[in-house]
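Below: the structure, in structure tokens.
The chains referred to below are lettered A, B, ... by the order of the sequence lines, with proteins before strands, and numbering in each begins at 1. The shown structure was predicted, so the numbers you read here are calculated from the model rather than taken from an experiment.
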Amino acid sequence: MEYNFREIEAKWQKKWSNEEPFRAINDSDKPKYYVLSMFPYPSGAGLHVGHPLGYIAGDIYARFKRHKGFNVLHPMGYDSFGLPAEQYAIQTGQHPAKTTDQNIKRYREQLDQLGFSFDWNREVRTSDPTYYKWTQWVFIQLYDSWYDKQVDKALPIQNLVSKFETEGNSGIDAVCDDDTPRFSATEWKHFSEADKQRILLKYRLTYLADAEVNWCPALGTVLANDEIVNGVSERGGHPVIRKKMTQWMMRITAYAQRLLDGLDTIDWPQPLKDSQTNWIGRSEGASVSFKVKSHDAVIEVFTTRPDTIFGASFMTLAPEHELVQKITSSEQKAEVDAYIEATSKRSERDRMADVKTISGAFTGAYAEHPFTKEPVPIWIGDYVLAGYGTGAVMSVPCGDQRDYDFAKHFGIDIPNIFEGVDIAEEAFVDKANTIIANSDFLNGLNFKEATRKVIDELEQLGQGQGKINYRLRDAVFSRQRYWGEPFPVYYDANGLPQMLAEEHLPLQLPEVEKYLPTETGDPPLGNATAWAWDTTTNTVVSNEKIDRIRVFPLELNTMPGWAGSSQYFNRYMDPKNDEAIYSEEAIEYWEDVDLYIGGSEHATGHLLYSRFWQKFLFDRGIAPKDEFARKLINQGMITGTSAFVYKDQNSNKIYSKGLVSGNKVNPIHADVSFVNASDELDVEGFKKWRPDLADAEYVLEAGKFIVGREVEKMSKSKYNVVNPDAICEQYGADSLRLYEMFLGPLEQSKPWNTAGITGVHSFLKKLWKLYLGVDENEPTNENLKTLHKTIKKVEEDIENFSFNTSVATFMICVNEITAQKCSSKAVLESLAILVSPYAPHIAEELWERMGHTTSISAAAFPKFEEKYLVESSKEYPISFNGKLRFKLELPLDMGKDDIEKAVMAHEKTHEQLQGRTPKKVIVVPGKIVNIVG
RNA sequence: GCCUCGGUGGCGGAACUGGUAGACGCGCUGGAUUCAAAAUCCAGUUCUUUCGGGAGUGUGGGUUCGAUUCCCACCCGAGGUACCA
């Protein structure tokens with residue numbers, strides 16, 4: 001009886017889809033376990049062999065947990081709003097919903113054929129109105145909240161309004177815009193309704209602001225910082241410029257400290273935590289205000305080195321700093337203007353790429369040093385960023401390399417304020433070894449002491465205080481795109497935003513003729529003819545009806561890609577609930593994700609925003625946990641193994657790899673499907689694929705054409721993409737699952753090489769054969785030893801996410817049991833359960849053939865019993881000076897002294913020693929004997 | 001530059017708290033079976049060797065009876081980040 005994987009896999013996939021054994025229930029006596037793999041964006045290209053890696057690992061874990069008696073939630077869905085579908089719509093006119101649907105179908109087929117135990121009843125799609133209703137709902141909750149620093153949490157905005165009514169805002173410590181005015185309760189009461197709304201916008205956790213944003217002209221939208229890589233858009237690699245626009249913003253900065261602190265409470269990979277830490281960029285220091293001489297102005301600076309304040313020999317402002325125009329002297333005006341003009345022409349990318357060139361201009365103005373009262377010249381320079389801190393620095397050339405370089409370049413004084421340090425060549429930046437000198441009351445103090453002291457003194461003067469600064473900026477939440485969640489917002493007669501009431505959600509995406517921005521430069525939703533909100537009927541109506549009395553224009557922007565993915569893990573808990581984002585019972589039961597698996601590329605995007613939303617939901621009592629995922633694993637990338645042929649530059653010859661040397665050649669990618677396990681090229685196939693190279697002369701070696709191989713990212717353009725469909729067709733899903741795991745540690749990146757799959761495939765065939773003559777015989781001790789050794793190792797491996805070593809363990813087990821000619825049902829049943837998380841189809845089939853009528857997925861995991869592994873003797877390695885010389889079988893219960901006697905009496909020991917007396921004999925019972933001397 | 005992770009046969013990789021380096025698989029070599037091939041099975045496969053042995057986990061040092069494992073310095077590769085004051 002052959003192992004017919006095609007028949008078996010089709011049979012069980014159908015059965016699982018009909019009988020739904022993986023349906024999770026929200027109420028169970030069993031302990032819960034929530035395994036989640038990051039949901040995919042359904043791209044048109046479908047899955048390649050690298051994509052399922054994390055899904056397979058998650059599926060193995062989910063299946064294992066079911067065997068262990070847990071009620072497992074293991075859902076899957078689609079992050080189905082996004083740019084590619086919209087770009088495609090722009091090109092072809094096809095509605096993104098349509099292409100997205102097609103792509104999802106294709107994804108589902110591919111996922112289904114891999115045998116995942118997803119609970120498809122819980123599928124979510126971010127582009128589905130029943131889903132984005134709740135994305136809009138969370139947005140409204142954010143809008144209706146402010147952040148109270150005193151209790152360090154988000155509170156309802158109504159609570160802030162009552163405070164304003166009784167005490168104004170002077171006693172309130174809130175996260176708000178910098179330009180928020182002070183007002184009393186009486187003043188508040190006299191504000192117009194519109195002014196009240198404007199004030200509240202300065203406090204809301206999502207708010208409208210004129211922000212400097214990253215505008216990508218090619219994509220016609222703004223981008224968040226994490227969507228820009230090396231100064232160009234992450235998608236498409238288009239240039240990005242700075243532009244001031246009115247945008248929805250998320251006040252994520254309110255959570256900066258908690259996002260940092262929370263990292264200590266979750267089991268996430270260190271590199272991921274590090275990149276979030278860097279992204280948040282906390283720095284501790286002081287803010288200092290410098291008075292500007294002969295102007296009524298102060299310059300606020302933030303510094304992490306207030307201890308070096310006596311070394312400040314100039315100040316530098318960002319060219320965009322608002323004071324520049326005001327304080328520049330008439331003599332310097334021409335130079336300053338020219339400099340500002342020049343920097344504004346340089347793109348962000350230029351400025352980033354070129355960090356070597358030092359440039360700047362003197363404003364002609366002077367600040368006053370807070371302590372010495374000496375004049376400090378004020379410069380502008382583009383090395384100071386407008387967007388960080390206050391856009392101004394106190395420049396201490398002896399203590400900061402950039403200030404040092406700037407001072408050297410422009411011939412500015414470099415006073416030395418460090419004890420026993422030479423600054424002739426470079427600045428001294430070593431905080432830990434700093435002793436301050438030439439600094440009045442700070443002399444002789446170290447960094448910590450001096451910092452504390454100077455902050456005290458600044459506070460006395462009223463010119464500064466200790467401050468913590470974060471690099472993290474509030475997140476731009478508007479996108480000028482069509483294919484995203486519409487904001488549940490209309491603009492009233494004052495042009496102020498108003499939220500739709502919860503009961504009118506979802507606000508559905510309108511139909512448009514074109515997916516491009518309008519002629520007037522409005523976002524694509526500006527093309528919609530019916531995109532106005534009638535406040536009497538609470539429906540979307542034609543734009544013609546807009547009267548700004550009852551009918552108002554709706555927001556034209558849509559939400560960014562990360563909106564939908566910031567709460568999907570919670571929505572899975574109760575995905576069909578139409579009354580609430582999820583029921584209280586559901587979230588009380590599932591609480592949070594126990595295991596989250598996904599790529600590390602989401603470190604500063606999805607994973608940071610989701611943590612922010614979760615903390616917010618927690619503050620507002622909507623979620624019971626303030627971190628959504630306890631443990632997270634980043635699966636490594638599967639890279640491709642590209643194949644090359646070598647075309648001679650001077651002739652029409654194409655060389656096999658071994659014949660290249662000495663010839664000038666151009667390597668040309670060959671599609672990996674034409675290459676076999678021994679790196680031989682199917683030349684005829686290749687010629688058909690590349691007709692332009694069909695008439696070339698192919699120079700073979702030993703009758704074969706051998707390709708060169710190189711590991712590269714798996715991509716269409718490198719012709720190294722391997723499709724899982726083809727693998728499933730040829731070897732089956734179980735083989736693919738095993739092989740993906742067998743490649744190496746889950747978290748490492750590793751190259752794909754289809755050739756190796758024959759190993760796991762023949763393992764499955766051997767496994768299958770074992771079950772052809774199952775009998776009721778009692779297992780021997782040897783059988784049980786093999787089995788229990790395997791149970792122990794596999795269980796440990798799964799718990800450590802070391803799936804590659806389990807596969808090796810299965811192979812060893814099957815090899816041993818085959819050699820033992822064991823066909824005992826007791827052993828084989830256990831083995832089938834062990835294998836089933838990895839290769840579920842074959843396991844189900846074998847299980848059924850052994851007479852079971854219920855799914856193996858519900859069977860209890862075999863219990864490991866130590867007693868079968870107890871050995872009576874040990875083959876001791878006997879080494880001399882740490883080098884193994886021979887082995888000696890001795891009883892395990894033999895004592896140290898007896899072992900030494902037995903070893904010393906052995907003839908091979910005498911041979912080794914050749915009459916010498918050993919200096920020392922190390923005996924570690926049960927481990928090793930080492931003879932020294 | 002900084003942060004993080006990694007470096008072991010021809011290849012992917014294994015080695016628990018320091019204790020027999022190279023498990024398992026691919027590939028390769030030889031053999032069996034076959035008219036032949038596929039498939040399957042058996043044996044071998046770190047390098048070197050005068051067949052006794054010798055060397056060996058990126059490099060150099062250190063700790064130890066003993067180091068792939070711990071410590072120091074360096075080299076290389078991958079990822080992240082970068083005028084962040």
ask   = Looking at the angle O4'-C1'-N9-C4 for a purine or O4'-C1'-N1-C2 for a pyrimidine, is B:G9 syn or anti, with syn meaning within 90° of 0?
value =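 Glycosidic conformation of B:G9: syn.
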
Give the nucleotide from the list [options] with an atom nearest to the side chain of [X].
X        : options             : value
A:Pro271 : B:U4, B:C24, B:C83  : B:U4
A:Thr758 : B:C65, B:A85, B:G27 : B:G27
A:Lys750 : B:G19, B:C84, B:G13 : B:G13
A:Phe742 : B:A85, B:A14, B:C24 : B:C24
A:Ser762 : B:U40, B:G19, B:C84 : B:U40
A:Gln748 : B:A39, B:A85, B:G13 : B:G13
A:Lys927 : B:G27, B:G19, B:C83 : B:G19
A:Lys920 : B:C65, B:A85, B:C83 : B:C65
A:Lys887 : B:C26, B:U20, B:G19 : B:U20
A:Arg402 : B:C24, B:G19, B:C83 : B:C83

message = Under a plain distance cut-off of 3.5 Å, with no hydrogens placed, do A:Asp797 and A:Thr805 share a side-chain donor-acceptor pair?
response =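 Note: A:Thr805 and A:Asp797 side chains meet the donor-acceptor criterion.
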
Interatomic distance at [atom1], [N] relative to [M], whole Å:
N     : M     : atom1 : value
B:C76 : B:G22 : P     : 32 Å
B:C28 : B:G12 : C1'   : 16 Å
B:G9  : B:U46 : P     : 13 Å
B:C74 : B:G27 : P     : 43 Å
B:U45 : B:C26 : P     : 16 Å
B:U4  : B:C70 : P     : 16 Å

Between [X] and [Y] (salt bridge meaning N to carboxylate O under 4.0 Å), is one present in this structure?
X        : Y        : result
A:Lys887 : A:Glu889 : no
A:Lys792 : A:Glu866 : no
A:Lys785 : A:Glu816 : no

Using a 4.0 Å heavy-atom cut-off across all strands, classify [X] as base, sugar-phosphate, or nothing.
X        : value
A:Thr809 : nothing
A:Lys766 : sugar-phosphate
A:Val932 : sugar-phosphate
A:Asp274 : sugar-phosphate
A:Asn804 : sugar-phosphate
A:Ile922 : base
A:Pro269 : nothing
A:Asn815 : sugar-phosphate

Pairing partner (Watson-Crick or G-U wobble, both distances under 3.5 angstrom) of [N]:
N     : answer
B:C26 : B:G10
B:A73 : B:U59
B:C35 : none
B:C47 : B:G54
B:C2  : B:G80

request  = Hey, which sits more toward the 5' end of RNA chain B by its nearest nucleotide, A:Ser283 or A:Lys874?
outcome  =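 Counting from the 5' end, the first nearest nucleotide belongs to A:Lys874.
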
request  = Starting from the 5' end of RNA chain B, give me the residue, A:Val924 or A:Ile757, whose nearest nucleotide shows up first.
outcome  =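 Mapping each residue to its closest nucleotide by heavy atoms, the 5'-most match is A:Val924.
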
query = Can you find a side chain N or O atom of A:Lys765 that sits less than 4.0 Å from OP1 or OP2 on B:A39?
reply =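 So the side chain of A:Lys765 is outside the cut-off, no N or O lying under 4.0 Å from OP1 or OP2 of B:A39.
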
task = Using only side-chain N and O atoms of A:Arg471, determine if any of them is under 4.0 Å from OP1 or OP2 of B:U81.
result =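 Answer is no, no contact under 4.0 Å.
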
query = Could you give the distance from CG (A:Leu681) to CD1 (A:Ile706), rounded to the nearest 0.5 Å?
reply =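 Answer rounded to 0.5 Å: 9.0 Å.
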
request  = Indicate the ring-plane relationship of A:Tyr739 and A:Trp752, choosing parallel, tilted or perpendicular according to the 30° and 60° boundaries.
outcome  =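 Perpendicular: the ring planes of A:Tyr739 and A:Trp752 meet at over 60°.
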
query = Which is it for A:Ser313 and A:Ile414 under the side chain to side chain contact (heavy atoms under 4.5 Å, CB included) test, yes or no, and what are the steps along the way?
reply = CA-CA 7 Å; A:Ser313 58; A:Ile414 306 179; 5.8 Å; no

